[in-house]
Amino acid sequence: MKKVFLTSISGIWLLISAAIAANGQIASNSLKPSGRFIILNKTEPGNSPGLVGRVNPPVIRNFLKTYKDVSDEKWIEVKEGFIAMFKYNNVDYQVAYTKKGNLLRTIRSYNEDKMQQDLRHTVKSSYYDYEITRVHEIEIPLSLITYVVQLSGKKELIDLRIYDGEMEVTRKFNKSKLK
């Protein structure tokens with residue numbers, strides 16, 4: 001079980017990295033898609049820059065069932081399906097679907113002020129001198145929610161993973177001294 005969990009988390013980290021890189025690519029590319037549900041990372045011969053592909057109808061149907069009030073999402077196509085990225089109520093979302101429209105995962109990223117009080121208390125009780133800079137809430141269907149909490153201290157940066165009430169340090173970096 002632990003092996004499956006660690007493998008899943010590694011895959012999620014890879015997805016987060018790919019989505020962040022893709023998001024930077026989207027921001028730097030000045031693409032102006034015409035209409036919704038345009039894939040922004042796929043170019044095919046004969047397509048103009050704004051019309052680079054469409055999201056599969058089952059994916060659109062399931063997305064609209066859950067996120068009725070969202071209208072400014074950006075889509076990317078990945079090997080396993082599609083990812084919708086958008087902001088809703090000051091929370092960044094990345095929602096991944098299979099090509100058939102099944103939900104793979106939802107990643108919500110937000111600041112400390114949006115954090116659940118009990119989760120914040122758990123982190124601050126051990127890391128009271130650290131600032132919570134970002135929280136990533138990773139939800140996979142039929143699994144418990146995993147939280148990745150990024151902390152900033154005077155001398156170091158820490159990434160914590162909280163799953164099933166257990167908290168562990170996944171990465172720790174020393175801050176460099178600027179002269």
Least distance between heavy atoms, [X] atom then [Y] atom:
{"X": "D72", "Y": "K87", "answer": "OD1-O, 4.2 Å"}
{"X": "L151", "Y": "Y127", "answer": "CD1-CG, 3.6 Å"}
{"X": "L103", "Y": "A96", "answer": "CD1-O, 3.5 Å"}
{"X": "S109", "Y": "H136", "answer": "OG-ND1, 2.7 Å"}
{"X": "K114", "Y": "N89", "answer": "NZ-O, 3.1 Å"}
{"X": "M167", "Y": "S126", "answer": "CE-OG, 3.6 Å"}

If you define the side chain from C-beta out and look only at heavy atoms, does anything of [X] sit under 4.5 Å from [Y]?
{"X": "E168", "Y": "L160", "answer": "no"}
{"X": "R134", "Y": "N111", "answer": "yes"}
{"X": "K124", "Y": "I132", "answer": "yes"}
{"X": "N56", "Y": "F82", "answer": "yes"}
{"X": "Y88", "Y": "D69", "answer": "yes"}
{"X": "Y97", "Y": "N62", "answer": "yes"}
{"X": "E156", "Y": "I158", "answer": "yes"}
{"X": "T146", "Y": "E137", "answer": "no"}

Parallel, tilted or perpendicular: rings of Y67 and F63 (30°, 60°): tilted
Backbone of V59 reached by a side-chain donor or acceptor of K99 within 3.5 Å: no
Atom pair [atom1] ([X]) and [atom2] ([Y]), whose distance is rounded to the nearest 0.5 Å:
{"X": "W75", "Y": "R54", "atom1": "CH2", "atom2": "CZ", "result": "12.5 Å"}
{"X": "K172", "Y": "L157", "atom1": "NZ", "atom2": "CG", "result": "11.5 Å"}
{"X": "E80", "Y": "L104", "atom1": "CD", "atom2": "CG", "result": "5.0 Å"}
{"X": "R61", "Y": "T66", "atom1": "CZ", "atom2": "OG1", "result": "13.0 Å"}
{"X": "E139", "Y": "I107", "atom1": "CD", "atom2": "CD1", "result": "11.0 Å"}
{"X": "S152", "Y": "D129", "atom1": "OG", "atom2": "CG", "result": "12.0 Å"}

Linked, directly or transitively: Y93 and V70 (ILVMFWY side chains, under 4.5 Å): yes
Common cluster, V149/F173, ILVMFWY with side-chain heavy-atom separation under 4.5 Å: no
Verdict with supporting geometry, V135 and V148, side chain to side chain contact (heavy atoms under 4.5 Å, CB included): CA-CA 6 Å; V135 179; V148 177; over 6 Å; no
Side chain to side chain contact (heavy atoms under 4.5 Å, CB included) between V123 and I162, intermediate numbers included: CA-CA 9 Å; V123 172; I162 303 168; 3.6 Å; yes
Q94 vs F86, side chain to side chain contact (heavy atoms under 4.5 Å, CB included): CA-CA, chis, key distance, verdict: CA-CA 7 Å; Q94 294 177 25; F86 57 93; over 6 Å; no
